[in-house]
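The model shown is predicted, which means the values in this text are computed figures rather than measured ones. Order of the sequence lines sets the chain letters (A, B, ...), proteins ahead of strands, with each chain counted from 1.
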Number of protein chains: 2
Amino acid sequence: MNFEEGKDRFIQAWGALGSNWGINRTMAQIHALLLISPQALSAEDIKDELKISSGNANMNLRALMDWNLVYKELKPGERKEYFVAEKDMWEVVKNIIIQRKKKELEPMLRVLDELSVVEGMEEQSDEFNKVIRDVKLFASKADSTLDSLTKSDSNWFVGTFMKMIK
Amino acid sequence: MNFEEGKDRFIQAWGALGSNWGINRTMAQIHALLLISPQALSAEDIKDELKISSGNANMNLRALMDWNLVYKELKPGERKEYFVAEKDMWEVVKNIIIQRKKKELEPMLRVLDELSVVEGMEEQSDEFNKVIRDVKLFASKADSTLDSLTKSDSNWFVGTFMKMIK
DNA sequence: ATCAACTTTCAGAAATTACTGAAATTACAA
DNA sequence: TTGTAATTTCAGTAATTTCTGAAAGTTGAT
């Protein structure tokens, strides 16, 4: 397979994957393009390569920087901004987990707290309170597990976690 | 807080959470409704409660059954079908992981295999091949880790995993 | 066999999400 | 400072996803 073909297939596949992870297609494609690029690319390079508008490129680059999946790189004497991708896969996954935990798990925990102990007809509210307790217990465990996970490093994951879990 | 209010808040929150997990809002709301219901509910009950069309109720119930998040329950002498939710949170998460692994990770692994060893200009294709190798290594590890995870049981997760990871 | 209750399907409509293009703003080299 | 290249913003449009409503299909009691 030649390089151009492989590149397109990878960008396409990464885009599809990303859209299931709270990262929209273009955002993931930009990340993919930067991942396989040996040099930093400018917003213009990216917009040309992916055939998107500069507005779109800009918005998604900023989102990628918010997620710590892409960094700005300034070249001395150049006005243009360049971008590089986070290439350590463990860092990538870790940062996605951090973002999603913040946007999903934490709000859910807050709601569950408010829903503690509902009153009403016996049968219904008993079942309700039981479910809320279960969900809250599970969510809290998931929360602290993910905290520990995201504090551990790449080698730990690649090396130890696998053995522990097998 | 009274029961009705709590119920609505929970269905709402669960719906929002689900839509980040490959489960659309209605699908997650149906699951939430069944979760907190002490009895099995019919499609009609669900459609009335959530104010959705029967087509929508039907399609999402089938999807939930495909994911093993909801089961059919037949009552003797009754023509109508009733539904109950999987209430064990570990089972719920496990089934979601199984589905998503199948729909996301496995296709990605297949693409990565096809992309092994791309030819072209030195610098570009070297970087490309390196990234593909890294991603593939990581994805394979994730794949087998998730396999192990989904084969372990609830108590194992709730009890052991936490301690191991701390 | 018939019929009504129930379930499924699916084309088009509605809702949601993402993108463009153009204008506004910023920032830096001269 | 000025001029201009680069970046950002955002209203309107386009694309995608989800839902409805109505029609077709199933099923089982009579």
Assigning hydrophobic clusters by single linkage (Ile, Leu, Val, Met, Phe, Trp, Tyr; side-chain heavy-atom cutoff under 4.5 Å), is Met108(B) placed with Ile98(B)?
no
All heavy atoms of Ala85(B) vs all of His31(B), minimum pair found to be CB-CD2, 3.8 Å
State, with a plain yes or no, whether a side-chain heavy atom of Asp143(B) is found less than 4.5 Å away from one of Glu106(B).
yes
Here's a test for you: under side chain to side chain contact (heavy atoms under 4.5 Å, CB included), which of Leu61(B), Leu33(B), Leu41(B) qualifies with Phe83(B)?
Leu61(B)
Is it true that Leu64(A) and Tyr82(A) fall in one hydrophobic cluster, defined by side-chain heavy atoms closer than 4.5 Å?
no
Take the angle between the ring planes of Trp90(B) and Phe138(A) and call it parallel below 30°, perpendicular above 60°, tilted in between.
tilted
Expected list for residues 25-47 of chain A near DNA chain D, using heavy atoms below 4.0 Å, is Arg25(A)
Show every donor-acceptor pair shorter than 3.5 Å between a side-chain atom in residues 65-76 of chain A and any protein atom, with sequence neighbours excluded, or say none if there are none.
| from | atom 1 | to | atom 2 | distance (Å) |
| --- | --- | --- | --- | --- |
| Tyr71(A) | OH | Asn68(A) | O | 3.4 |
| Tyr71(A) | OH | Glu86(A) | OE1 | 2.7 |
| Lys72(A) | NZ | Glu81(A) | OE2 | 2.9 |

Close residues, residues 65-83 of chain B, relative to DNA chain D [heavy-atom separation under 4.0 Å]
Arg79(B)
For Arg100(A), side chain to side chain donor-acceptor pair (under 3.5 Å) partners two or more places apart:
Glu104(A)
Taking all heavy atoms of Ile30(A) and all of Ala57(A), pick out the closest pair and write down the distance.
CD1-O, 4.1 Å
Give the C-alpha distance, both sets of side-chain angles, the deciding distance and a yes or no for salt bridge (charged side-chain N to carboxylate O under 4.0 Å, His left out) between Asp88(A) and Lys94(A).
CA-CA 10 Å; Asp88(A) 179 332; Lys94(A) 207 161 95 173; over 6 Å; no
With salt bridge (charged side-chain N to carboxylate O under 4.0 Å, His left out) as the rule and sequence neighbours excluded, what pairs involving residues 37-48 of chain A come up?
Glu44(A)-Lys80(A)
Residues of residues 48-61 of chain B with a heavy atom under 4.0 Å from any atom of DNA chain D, listed by number, are Lys51(B), Ile52(B), Ser53(B), Gly55(B), Asn56(B), Met59(B), Asn60(B)
Do Ile23(A) and Val84(A) land in one hydrophobic cluster if side-chain heavy atoms of ILVMFWY residues count as linked below 4.5 Å?
no
Mind checking what makes side chain to side chain donor-acceptor pair (under 3.5 Å) contact with Ser116(A), not counting sequence neighbours?
Lys136(A)
Outer limits of DNA chain C sitting under 4.0 Å from a non-hydrogen atom of chain A, read 5' to 3', are dA18(C) to dC28(C)
Under 4.0 Å from any heavy atom of chain A: name the first and the last nucleotide of DNA chain D that qualifies, 5' to 3'.
dT4(D) to dT16(D)
Identify the two heavy atoms, one from Val131(A) and one from Leu35(B), that lie closest to each other, and give their separation to 0.1 Å.
CG2-O, 3.2 Å
Output, in order, the C-alpha distance, side-chain angles, deciding distance and verdict of side-chain contact (heavy atoms from CB on, under 4.5 Å) for Asn60(A) and Ile52(A).
CA-CA 11 Å; Asn60(A) 282 298; Ile52(A) 58 178; 5.8 Å; no
Looking at residues at least two apart in the chain, or sitting in another chain, which of them share a side chain to side chain donor-acceptor pair (under 3.5 Å) with Lys103(A)?
none
Global bending angle along the helix from dA1(C)-dT30(D) to dA30(C)-dT1(D), which compares the axes of five pairs at either end, to 10 degrees:
20°
Applying side chain to side chain donor-acceptor pair (under 3.5 Å), can you list everything that pairs with Asn58(A), at least two apart in sequence or on another chain?
Arg62(A)
